Amino acid sequence: GVVPTTSTAMMLALGDARVESVTVAGAATNVVVYSDTLGAVGNDGRFTRVTNLPIASTLIDSGVGAPGSALSDGSASFAFQGGTVTIEVAGLGSGQAFFDPSTARLVLRNTGAGTSVTVSGSPGLTLTNFTITTSDDTSVGTIRVRAPLAGASNIVVDGALGVLEVASMAGTGRILVGGDTASMTFGSFTGGFLQARSVGSVRVDGDYGSPVAGTANEAFMSFLSVGAMTFGGSVRAGVSSDRAMGAVTIAGAADRAEFRAGESVASFTAGSSRQLVLAARNSIGPVRVNGDAVDTIISAGLDLGADAFFG
């Protein structure tokens, strides 16, 4: 979409924003159409058409110059943070990929659904402040990160993303996806922030949120809509969906966790709950807590808002 920053400046949000058509039967005076992509609007000379807007996220690649060593289909290894990082690319097609070890930045340009990228590290290597990003409107088929991410590590895809797999996510980094995603899988997600459009399924094999007592606001996931969510460990952080949320299954404890849906939650299961808030504007399907439930709120007909929190 288009983000207004001042009365005279507009910036593009993540995703492929488009205006397909605008019809004005009468006179059109001082009509300006802002969008990432214009459909039939582009054929009407009465409108001022603006598509070359700056991008709101500074993490998106500008598409200018060569931001590192060019990569081709196959694998390439680089000395990195005291170890070795290996990047394997397949299905690049007419797209481009670049990596600069000095900035810890992997850039994908004009790739598509057939492109897959796998990032691996030498034994014991954690990728700290590591960024994978795309240029405007670029989609990716698969991104796999087989080494832990820490610090301010980011994964940013402006377009659609088929599959995302991350060994573990910790720190203060962000995962941002402007288009739809089929599935996301994490070994653990103890710190960081995820913002995506519509995601078919999310799985966290270990803990979501920090196990350290007293830690707050260390992790959060927000979606336009999300399907089934499965957690193999405990959940100590928030999840927000502006629309529907699928079945939520937590093997461990829902401890200081918040789940919010702007529409409905299909079902909810947890090993135990303490200071849990489960809320949906419309309806909540079957809820089951296999152990104890303490200081727990379950509320249908209440929308907590995007932050999934009271107040």
Side-chain angles (χ1 to χ4, degrees), residues 14-16 57 59 106 108 111-120 127 130-134 138-150 153-210 218-252 254 257-261 265-266 268 306 308:
L14 285 176
D16 181 16
S57 175
L59 294 173
L106 171 59
L108 304 173
T111 56
T115 304
S116 67
V117 176
T118 301
V119 179
S120 305
L127 304 180
F130 189 93
T131 291
I132 301 172
T133 189
T134 73
T138 292
S139 297
V140 186
T142 301
I143 295 177
R144 295 186 180 93
V145 183
R146 291 177 171 164
L149 292 177
S153 292
N154 306 296
I155 299 174
V156 184
V157 177
D158 189 55
L161 174 59
V163 174
L164 175 65
E165 298 176 0
V166 178
S168 65
M169 182 78 177
T172 59
R174 290 177 286 173
I175 297 175
L176 308 173
V177 183
D180 294 343
T181 305
S183 67
M184 295 182 171
T185 303
F186 304 88
S188 63
F189 198 118
T190 56
F193 306 92
L194 188 161
Q195 179 182 338
R197 195 173 182 277
S198 296
V199 180
S201 65
V202 175
R203 190 181 85 227
V204 181
D205 293 329
D207 287 345
Y208 170 47
S210 174
E218 76 282 12
F220 195 80
M221 296 182 181
S222 62
F223 309 92
L224 177 64
S225 64
V226 62
M229 304 192 73
T230 305
F231 302 89
S234 294
V235 174
R236 303 177 182 88
V239 177
S240 175
S241 174
D242 288 341
R243 295 179 183 173
M245 182 180 297
V248 178
T249 304
I250 304 169
E258 303 95 23
F259 286 84
R260 167 261 178 180
V265 177
F268 186 92

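Throughout, residue positions are numbered sequentially from 1 according to the sequence presented. Computation of the quantities below employed the complete heavy-atom set of this structure, encompassing side-chain atoms and omitting hydrogens, waters and symmetry-equivalent molecules. Model, not experiment: these values are computed from the prediction.
Remark: Arg260 engages Asp242, Asp303 in a salt bridge (charged side-chain N to carboxylate O under 4.0 Å, His left out) (not counting sequence neighbours). With sequence neighbours excluded, the residues forming a side-chain hydrogen bond (donor to acceptor under 3.5 Å, both in side chains) with Arg203 are Asp205, listed by chain and number. Residues that satisfy the side chain to side chain contact (heavy atoms under 4.5 Å, CB included) test with Phe193, not counting sequence neighbours, are Arg174, Phe220. Applying the side-chain hydrogen bond (donor to acceptor under 3.5 Å, both in side chains) rule to Ser222 yields no partners; only residues at least two apart in sequence or on another chain are considered. Residues that satisfy the side chain to side chain contact (heavy atoms under 4.5 Å, CB included) test with Ala219, not counting sequence neighbours, are Phe189, Tyr208, Ala237. Partners of Ser139 according to the side chain to side chain contact (heavy atoms under 4.5 Å, CB included) rule, which considers only residues two or more places apart in sequence or in another chain, are Ala160. Partners of Phe259 according to the ring pair (Phe, Tyr, Trp, His ring centres under 6.0 Å) rule, which considers only residues two or more places apart in sequence or in another chain, are Phe268. Checked against side chain to side chain contact (heavy atoms under 4.5 Å, CB included), Ala244 has the following partners two or more places apart in sequence or in another chain: Glu263, Ser264.
Taken from CG in Leu149 to OG1 in Thr131, the straight-line distance is 9.5 Å, to the nearest 0.5 Å. Atoms CD1 and CG, from Ile143 and Leu161 in turn, are 5.0 Å apart once rounded to the nearest 0.5 Å.
Sorted by first and then second residue, the side-chain hydrogen bond (donor to acceptor under 3.5 Å, both in side chains) pairs involving residues 140-149 (not counting sequence neighbours) are Arg144-Glu165. Within the structure, every pair that satisfies the side-chain hydrogen bond (donor to acceptor under 3.5 Å, both in side chains) test and touches residues 179-193, not counting sequence neighbours, is listed here: Asp180-Arg197. Applying the ring pair (Phe, Tyr, Trp, His ring centres under 6.0 Å) rule to pairs touching residues 156-182 yields nothing, sequence neighbours excluded.
Annotation for Asp158 and Thr134: closest pair N-OG1, 3.1 Å, computed over non-hydrogen atoms. Considering every non-hydrogen atom in both Met169 and Gly192, the closest pair reads CE-CA, 4.5 Å.
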Would Met221 and Val204 count as a side-chain contact (heavy atoms from CB on, under 4.5 Å) if you check the C-alpha gap in whole Å, the side-chain angles of each, and the deciding distance to 0.1 Å?
CA-CA 12 Å; Met221 296 182 181; Val204 181; 4.1 Å; yes
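Taking 4.5 Å as the limit, every side-chain heavy atom of Val177 sits out of range of all side-chain heavy atoms of Leu164. Val166 is listed as a side-chain neighbour of Ile155, based on a closest heavy-atom distance under 4.5 Å. Residues Leu194 and Met184 form a side-chain contact, since some pair of their non-hydrogen atoms from C-beta on lies under 4.5 Å apart. Here the side chains of Leu108 and Thr115 are not in contact, with every heavy-atom distance at 4.5 Å or above.
Listed for the Ser153 side chain is a donor-acceptor partner under 3.5 Å among the backbone atoms of Phe130.
The side chain to side chain contact (heavy atoms under 4.5 Å, CB included) test with Val156 is passed by exactly one of Ile175, Leu176, Ile132: Leu176.
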Which side-chain N or O atoms in residues 223-235 pair as donor and acceptor under 3.5 Å with protein atoms at least two apart or in another chain?
residue: Ser225; atom: OG; partner: Ser198; partner atom: OG; Å: 2.9
residue: Ser234; atom: OG; partner: Ala253; partner atom: N; Å: 3.1

